[in-house]
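We use all heavy atoms of the structure for the numbers below, so side chains are in, but hydrogens, waters and symmetry mates are not. As the structure is a prediction and not an experimental result, all values here were calculated from the model. Atoms within a ligand are numbered from 1 in the order they appear, just like the ligands themselves.
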Amino acid sequence: MASVRVALLGCGVVGTEIARLLDEHADDLAARAGAPLELAGVAVRRLDRDRTATGIDPSLFTTDAAGLVSRDDVDLVIEVIGGIEPARTLIHTAMERGASVVTANKALLAEDGVGLHTAADKHGVDLYYEAAVAGAIPLLRPLRESLAGDRIQRVLGIVNGTTNYILDQMDSVGSGFAEALEEAQSLGYAEADPTADVEGYDAAAKAAILAGIAFHSPVGSGDVHREGIGDVTAADVASAKAMGSVVKLLAICELSDDATSVGVRVHPAMLPRTHPLAGVHGAYNAVFVEAEAAGQLMFYGPGAGGAPTAGAVLGDVVTAARNRVGASLGPRGSWYADRRTRPMGETVTRYHISLDVDDRPGVLAAVAAVFAEHGVSIETVRQRVEGHDDAELVVVTHSATDDALTATVDDLDGLDTVRAVLSVMRVEGE
Ligand SMILES: NC(=O)c1ccc[n+]([C@@H]2O[C@H](COP(=O)([O-])OP(=O)(O)OC[C@H]3O[C@@H](n4cnc5c(N)ncnc54)[C@H](O)[C@@H]3O)[C@@H](O)[C@H]2O)c1
Ligand SMILES: N[C@@H](CCO)C(=O)O
Ligand code: NA
């Protein structure tokens with residue numbers, strides 16, 4: 001059987017591991033794909049770096065990525081450069097030339113998943129991106145294929161390793177934010193620009209991809225309500241601990257009860273320590289899926305890092321190569337349901353609110369009145385006396401719309417007896 005010729009775009013954390021595994025497992029990969037996978041070229045940004053350690057034949061390196069994807073002898077392109085451009089143009093060129101594409105690029109898929117799938121359909125090639133969401137965890141294929149007969153109702157996940165690592169270090173060893181971020185970077189989990197991780201952009205891109213697949217509707221990064229972990233304080237983590245919870249950055253994709261709209265959001269939230277996602281430590285990822293027939297499913301594993309991510313990329317490479325050998329194609333993009341994404345204000349959620357208040361008669365009644373005014377029901381109130389006339393009030397609410405909760409917090413902030421709103425965080429997982 002003629003070999004499947006592979007072009008690798010990008011030779012960074014993930015690309016280096018892909019090249020290594022392609023070489024190390026060549027015989028097994030050939031047997032599984034039905035043809036040898038042969039590296040046709042590796043696009044890099046600079047040729048003057050010493051890459052002997054990669055073991056890649058030096059004659060394969062080129063700085064001309066556009067030229068590489070335009071070559072007639074390339075059957076399959078692996079894109080691990082990241083970012084929108086030039087990745088998007090390179091992928092389109094590859095498809096126009098008839099090459100199948102495997103990418104780990106969530107930013108691009110979340111920006112233009114529909115456009116990329118449309119191009120793949122038009123040119124009769126495959127487009128796979130399992131590594132783009134939750135790294136090594138098999139997730140997109142199960143959602144797209146194994147659950148194709150079910151109705152997914154909710155996806156709740158920890159999909160960013162860097163922020164989970166940081167929050168876990170803050171919770172377990174009391175690390176400072178900067179120190180934990182540096183560790184995550186040195187371990188190869190963080191994006192080139194860690195703001196993408198810390199501010200939730202990376203998780204939002206993954207949430208958009210997940211929601212699109214789960215609900216068969218076009219969802220882009222711009223449809224995702226996004227809050228990062230930049231404002232999570234040691235006091236928030238301690239407050240969560242005091243009520244038997246832990247702070248996690250969650251990606252939540254929900255179908256409305258009438259199945260006409262989807263809500264997609266990424267924000268820090270308090271989760272009870274008894275929840276399975278609370279036990280996800282370090283840079284690990286986990287995704288909870290609730291489906292009508294299947295019930296609850298949980299996918300768990302390494303969500304970042306060179307080798308795990310490369311493993312997921314190669315799974316797609318073998319599948320795409322096998323399809324080529326068998327002259328078939330994998331599943332296409334599916335957006336037929338075309339559901340609207342609803343604004344965050346309509347989301348029904350719960351809040352944990354911590355207030356610094358005067359400790360004198362009538363304060364609790366005034367605070368409770370603000371909740372009542374907005375129709376927000378209180379589940380628990382805890383009070384800790386701080387000084388002779390100073391107390392911390394911690395209120396956990398029942399479910400209410402995010403709009404009502406936001407308005408409640410605004411009004412609490414305006415009360416004379418409230419000295420400061422110390423922390424506001426959503427509560428999930430009960
Ligand atoms: N690192 C992870 O854990 C991980 C996990 C899942 C997905 N991803 C995704 O994989 C992709 C790659 O991530 P990474 O961690 O390997 O990043 P990286 O920064 O280590 O590697 C990217 C490489 O691409 C090169 N590059 C940039 N522009 C180029 C161009 N025009 N031509 C040729 N090379 C070019 C850079 O020099 C760099 O070496 C990204 O889309 C990322 O989001 C990474
Ligand atoms: N920066 C990402 C890599 C995986 O997409 C993370 O920390 O999870
Ligand atoms: Na994955």
Side-chain angles (χ1 to χ4, degrees), residues 7-19 41-49 51 54 61-69 77-91 102-111 128-144 157-167 181 183-185 187-206 209-210 213 229 249 251 280 282-287 299-313 315-316:
L8 178 62
L9 311 182
C11 199
V13 172
V14 179
T16 304
E17 288 298 316
I18 292 171
V42 181
V44 294
R45 199 148 46 181
R46 299 167 46 171
L47 286 176
D48 57 0
R49 293 252 317 259
R51 292 194 170 86
T54 64
F61 289 112
T62 173
T63 52
D64 182 13
L68 179 58
V69 296
V77 169
I78 304 173
E79 185 276 307
V80 279
I81 287 173
I84 306 300
E85 286 296 348
R88 176 177 10 211
T89 303
L90 293 169
I91 289 176
V102 174
T103 173
N105 193 334
K106 54 246 157 177
L108 179 56
L109 259 301
E111 161 117 351
Y128 285 109
Y129 44 93
E130 181 60 70
V133 184
I137 307 175
L139 180 63
L140 303 189
R141 192 169 282 120
L143 289 181
R144 204 192 281 288
I158 294 170
V159 294
N160 182 267
T162 302
T163 47
N164 200 56
Y165 187 86
I166 293 170
L167 292 172
L181 171 60
E183 279 169 14
Q185 283 175 303
L187 292 166
Y189 304 142
E191 294 300 302
D193 172 7
T195 1
D197 297 301
V198 172
E199 294 307 322
Y201 290 100
D202 177 80
K206 292 165 177 169
I209 297 169
L210 282 174
I213 293 176
I229 64 163
L249 182 72
V280 177
Y284 275 80
N285 284 190
V287 179
F299 300 84
Y300 171 83
T309 307
V313 168
D316 284 348

Quick one: look up the protein heavy atom nearest atom 5 (C) of ligand 1 and list residue, atom name and how far away it is.
Thr309 OG1, 3.1 Å
Students often mix this up, so state it plainly: with edges at 30° and 60°, are the rings of Tyr189 and Tyr165 parallel, tilted or perpendicular?
tilted
Within 4.0 Å of some non-hydrogen atom of Val80, the atoms of ligand 1 are 12 (C), 22 (C)
Got the closest protein heavy atom to atom 25 (C) of ligand 1, with its distance?
Gly10 CA, 4.3 Å
Asn285 N/O to ligand 2 N/O under 3.5 Å:
no
With a cut-off of 4.0 Å, which atoms of ligand 1 are near a heavy atom of Lys106?
6 (C), 7 (C), 8 (N), 9 (C), 42 (C), 43 (O)
Give the numbers and elements of all ligand 1 atoms closer than 4.0 Å to a heavy atom of Ala131.
6 (C), 7 (C)
Nearest neighbour in protein (non-hydrogen) for atom 23 (C) of ligand 1:
Gly12 N, 3.9 Å
Are any of the N/O atoms in Gly305 less than 3.5 Å from those in ligand 1?
yes
Between Leu108 and ligand 1, which part of the residue brings a heavy atom under 4.0 Å of the ligand: side chain, backbone, both or neither?
neither
Contacting atoms of ligand 1, where contact means under 4.0 angstrom from a heavy atom of Ala43
33 (C), 34 (N)
Asp64 and Thr62: side-chain donor and acceptor closer than 3.5 Å?
no
Could you give me the CA-CA distance, side-chain angles and deciding distance for Val44 and Arg51, then say whether side chain to side chain contact (heavy atoms under 4.5 Å, CB included) is met?
CA-CA 11 Å; Val44 294; Arg51 292 194 170 86; 3.7 Å; yes
Heavy-atom protein contact below 4.0 Å for atom 34 (N) of ligand 1
yes
For Thr162, which part has a heavy atom under 4.0 Å from ligand 2: side chain, backbone, both, or neither?
both
I'd like to check which ligand 2 atoms, numbered from 1 as shown, lie under 4.0 Å from a non-hydrogen atom of Gly161.
6 (C), 7 (O), 8 (O)
Protein-derived N, O or S atoms lying under 3.0 Å from the Na ion (ligand 3), waters excluded:
5
Point-to-point distance, once rounded to the nearest 0.5 Å, from OG1 of Thr54 to CZ of Phe61:
4.0 Å
Of the protein's non-hydrogen atoms, which lies at the shortest distance from atom 10 (O) of ligand 1, and what is that distance?
Ala104 CB, 3.5 Å
If you measure from each non-hydrogen atom of Ala190 to ligand 2, which part falls under 4.0 Å: side chain, backbone, both or neither?
backbone
Distance under 4.0 Å to a non-hydrogen atom of Tyr189: what atoms of ligand 2 satisfy this?
1 (N), 2 (C), 3 (C), 6 (C), 7 (O)
Does Asp202 approach ligand 2 within less than 4.0 angstrom via side chain, backbone, both or neither, non-hydrogen atoms only?
side chain
Note: ligand 2 atoms sitting under 4.0 Å from heavy atoms of Asp197 are 1 (N), 2 (C), 6 (C), 7 (O)
Given that the side chain starts at C-beta and the backbone is N, CA, C, O, which of these parts of Pro86 lies under 4.0 Å from ligand 1, counting heavy atoms, or is it both or neither?
side chain
Ala304 N/O under 3.5 Å from ligand 2 N/O:
no
for atom 28 (N) of ligand 1, nearest protein heavy atom and its distance come out as Ile81 CG2, 3.4 Å
Heavy-atom nearest pair, Asp197 first then Ala190, reads OD2-CA, 3.3 Å
Could you list the atoms of ligand 2 found under 4.0 angstrom from a heavy atom of Lys106?
3 (C), 4 (C), 5 (O)
Do me a favour and list the nearest non-hydrogen protein atom to atom 19 (O) of ligand 1 with residue, atom name and distance?
Ala192 CB, 4.5 Å
Return the closest protein heavy atom for atom 1 (N) of ligand 1 as residue, atom name and distance.
Gly188 O, 3.5 Å
Heavy-atom contacts with Ala304 under 4.0 Å: which atoms of ligand 1 show up? List them by number with element.
3 (O)
Kindly confirm or rule out an N or O of Val14 lying under 3.5 angstrom from an N or O of ligand 1.
yes
Closest protein heavy atom to atom 36 (C) of ligand 1, given as residue, atom name and distance to 0.1 Å
Arg45 NH2, 3.9 Å
Is it the case that ligand 1 has an N or O less than 3.5 angstrom from some N or O of Val13?
yes
Gly303 near ligand 2 by a heavy-atom separation under 4.0 Å
yes
For ligand 1, which atoms sit closer than 4.0 Å to a heavy atom of Val44?
33 (C), 34 (N)
Identify, by atom number and element, the atoms of ligand 1 in contact range of Gly82, meaning under 4.0 Å from any of its heavy atoms.
40 (C), 41 (O)
